[in-house]
Amino acid sequence: MLRDTATDSDRPLPARLLVGRASTASLVIEDKRVSGEHATLAWNGTEWVIRDLSSRNGTFVDGQRLSPGATHTLAEGARLSFGDDDGRFCLVDAGPPGPMARDRSSNLLITGTGGLLALPDDEHPEVVVFTDARGEWVMEHGDERRDAAHGDTVEAAGRTYEILLPDHVEGTATVDVGPTIDTISLKFGVSMDEEHVRLTLVHRGSEQELERREHGYVLLTLARQRLEDAALPLAEQGWVDRNRLLKWLQLDANGLNVAIYRARGQLAGAGVDGAAGIVEVRRGQRRIGLEPARIAVGPM
């Protein structure tokens, strides 16, 4: 996250940001001291790096001018300026970039949360971008799912978006593996009137009760179908026709999309790698992404 201290506004950083006076720059600075293509900020997989593009009036980090064409790694809190040493910009968050999209008509950036990007927004997730079990970016659009790449375009709510993805997917290969969608279990506690659902995340013997939210009943419905189909081959267990699911839950299509998006986001927020896999999608059908042995349903 880059803060413009002149306007006291923050902007999320895509994996590569071009700074300059030209209209083609991602961060346009309308100042005669700034070159058309002045500098770049880029994520190299472990840290942010700034590079001066042989600008006429220089790129400054913490008041020090970089040599023309030089690069410099950045720490959180670094002060950046372009064309003079006023330190106008500050790197307030040096974490890795996540999935983003640029609205082609307005040039606004839409950022993902918890590794999930929803378009056009979180309340209308017609398109969702996330990483799958392979650690690869995928795009889910209705019943369609395909690999996603940096620079792809997609239509949502009548607008065109350019997908901006980092080259390096974080958290897909670690030594000390935390909870993943393939190692967790879920326990559902259900009230007698089925008005309340308590969801508990289980990993390596420890339990974490999640905040109760409306999407808990959606997961419960899918979990029950998976348990009912336990005798079937794994590949065929738990699939529910979307229209039937909408009728059971008394939701419209967008309501179901929102519930699935929020369920994925809640697990991602709980630190589950690959959380988007909690609900799997295929043409006209949905199912919970856990095998019956990792699901428990009982009274609250």
Side-chain angles (χ1 to χ4, degrees), residues 1-117 129 131 137 150-151 161-175 268-269 271:
M1 189 74 71
L2 193 67
R3 177 167 298 160
D4 183 345
T5 60
T7 60
D8 195 30
S9 59
D10 291 345
R11 64 172 294 140
L13 289 174
R16 184 181 183 277
L17 180 81
L18 174 63
V19 181
R21 198 172 74 251
S23 60
T24 53
S26 305
L27 174 56
V28 177
I29 303 176
E30 296 179 351
D31 187 319
K32 289 186 295 185
R33 294 169 295 182
V34 176
S35 300
E37 293 188 350
H38 195 103
T40 59
L41 275 76
W43 177 255
N44 68 6
T46 57
E47 56 194 348
W48 289 96
V49 177
I50 190 168
R51 180 187 178 195
D52 178 78
L53 299 179
S54 298
S55 61
R56 183 177 58 189
N57 294 311
T59 298
F60 298 80
V61 178
D62 295 327
Q64 299 298 309
R65 181 171 180 169
L66 302 183
S67 300
T71 61
H72 191 281
T73 58
L74 300 175
E76 193 165 296
R79 307 289 299 208
L80 312 176
S81 49
F82 309 93
D84 64 17
D85 61 353
D86 61 0
R88 173 179 169 180
F89 297 93
C90 179
L91 184 65
V92 293
D93 184 344
M100 300 183 188
R102 187 188 312 280
D103 186 329
R104 282 284 188 84
S105 59
S106 67
N107 212 35
L108 290 177
L109 284 177
I110 296 91
T111 60
T113 56
L116 298 167
L117 172 67
V129 179
T131 55
W137 291 108
H150 180 79
Y161 297 90
E162 179 186 5
I163 305 300
L164 307 175
L165 301 174
D167 293 331
H168 303 268
V169 177
E170 299 298 311
T172 57
T174 59
V175 175

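Everything quoted here is computed from the prediction, not taken from an experiment. Count residues from 1 along the sequence.
A donor-acceptor pair shorter than 3.5 Å cannot be found between the side chains of Asp52 and Ser54.
Using a 4.5 Å heavy-atom threshold, the side chains of Asn57 and Val34 count as separate. A 4.5 Å side-chain heavy-atom check between Leu165 and Pro99 finds at least one atom pair inside the cut-off.
Crowding of Gln64 atom CD: a count of heavy atoms from other residues, nucleotides or ligands under 6.0 Å not exceeding 12. More than 12 heavy atoms of other residues, nucleotides or ligands shown are found within 6.0 angstrom of CZ on Arg102. At most 12 non-hydrogen atoms from other residues, nucleotides or ligands lie less than 6.0 angstrom from CZ of Arg51.
For the atom pair Trp48 CH2 and Thr73 OG1, the distance stands at 13.5 Å (nearest 0.5 Å). The line from CG of Leu17 to OG1 of Thr40 is 8.5 Å long, rounded to the nearest 0.5 Å. The OG atom of Ser26 sits 10.0 Å away from atom CG of Leu41, with the distance rounded to the nearest 0.5 Å. In this structure, the separation between CE on Met100 and CG on Leu13 is 6.5 Å, given to the nearest 0.5 Å. Taken to the nearest 0.5 Å, the OG1 atom of Thr5 stands 7.0 Å off from the CG atom of Asp86. In this structure, Arg11 CZ and Leu108 CG are separated by 9.5 Å, a value rounded to the nearest 0.5 Å.
Residues Arg56 and Arg65 approach most closely at O-NH2, 3.2 Å, considering heavy atoms. Across Pro12 and Met1, no two heavy atoms sit closer than the pair N-SD, 3.4 Å. Residues Glu76 and Ala94 come closest through the heavy atom pair OE1-N, 3.0 Å. Of all heavy-atom pairs spanning Gly77 and Asp62, the tightest one is O-OD1, 4.4 Å. Closest of all the heavy-atom pairs between Pro166 and Ala15 is CA-CB, 3.6 Å. The nearest pair of heavy atoms linking Leu53 to Glu37 is CB-O, 3.6 Å.
No side-chain donor-acceptor contact under 3.5 Å links His38 to the backbone of Ile29. With Ser81 contributing its side chain and Asp84 its backbone, the two residues share a donor-acceptor pair below 3.5 Å. Arg3 contributes no side-chain N or O that, together with a main-chain N or O of Asp10, makes up a donor-acceptor pair within less than 3.5 Å. The backbone N or O of Ala39 lies less than 3.5 Å from no partner atom in the side chain of Thr59, so there is not a single donor-acceptor pair. A donor-acceptor pair is defined here as one N or O able to donate and one able to accept, closer than 3.5 Å; such a pair exists between the side chain of Ser55 and the backbone of Gly58.
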Would you sort out whether Leu2 and Leu80 count as a side chain to side chain contact (heavy atoms under 4.5 Å, CB included), showing the intermediate values?
CA-CA 9 Å; Leu2 193 67; Leu80 312 176; 4.0 Å; yes
Give the C-alpha distance, both sets of side-chain angles, the deciding distance and a yes or no for side chain to side chain contact (heavy atoms under 4.5 Å, CB included) between Leu74 and Val49.
CA-CA 6 Å; Leu74 300 175; Val49 177; over 6 Å; no
Derivation and outcome, salt bridge (Lys or Arg N to Asp or Glu O under 4.0 Å), residues Asp31 and Arg33:
CA-CA 5 Å; Asp31 187 319; Arg33 294 169 295 182; 2.8 Å; yes
Please evaluate residues Asp4 and Leu27 with respect to the criterion side chain to side chain contact (heavy atoms under 4.5 Å, CB included), reporting the C-alpha separation (whole Å), side-chain torsions for both, the decisive distance (0.1 Å), and the verdict.
CA-CA 11 Å; Asp4 183 345; Leu27 174 56; over 6 Å; no
Go through the steps for Val129 and Trp137 under the test side chain to side chain contact (heavy atoms under 4.5 Å, CB included), then give the verdict.
CA-CA 7 Å; Val129 179; Trp137 291 108; 4.1 Å; yes
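A side chain to side chain contact (heavy atoms under 4.5 Å, CB included) with Ile50 holds for exactly one of Thr71, Val19, Leu66, Leu91; it is Leu66.
Take Asn107 and apply the side chain to side chain donor-acceptor pair (under 3.5 Å) test, not counting sequence neighbours, and it matches no residue.
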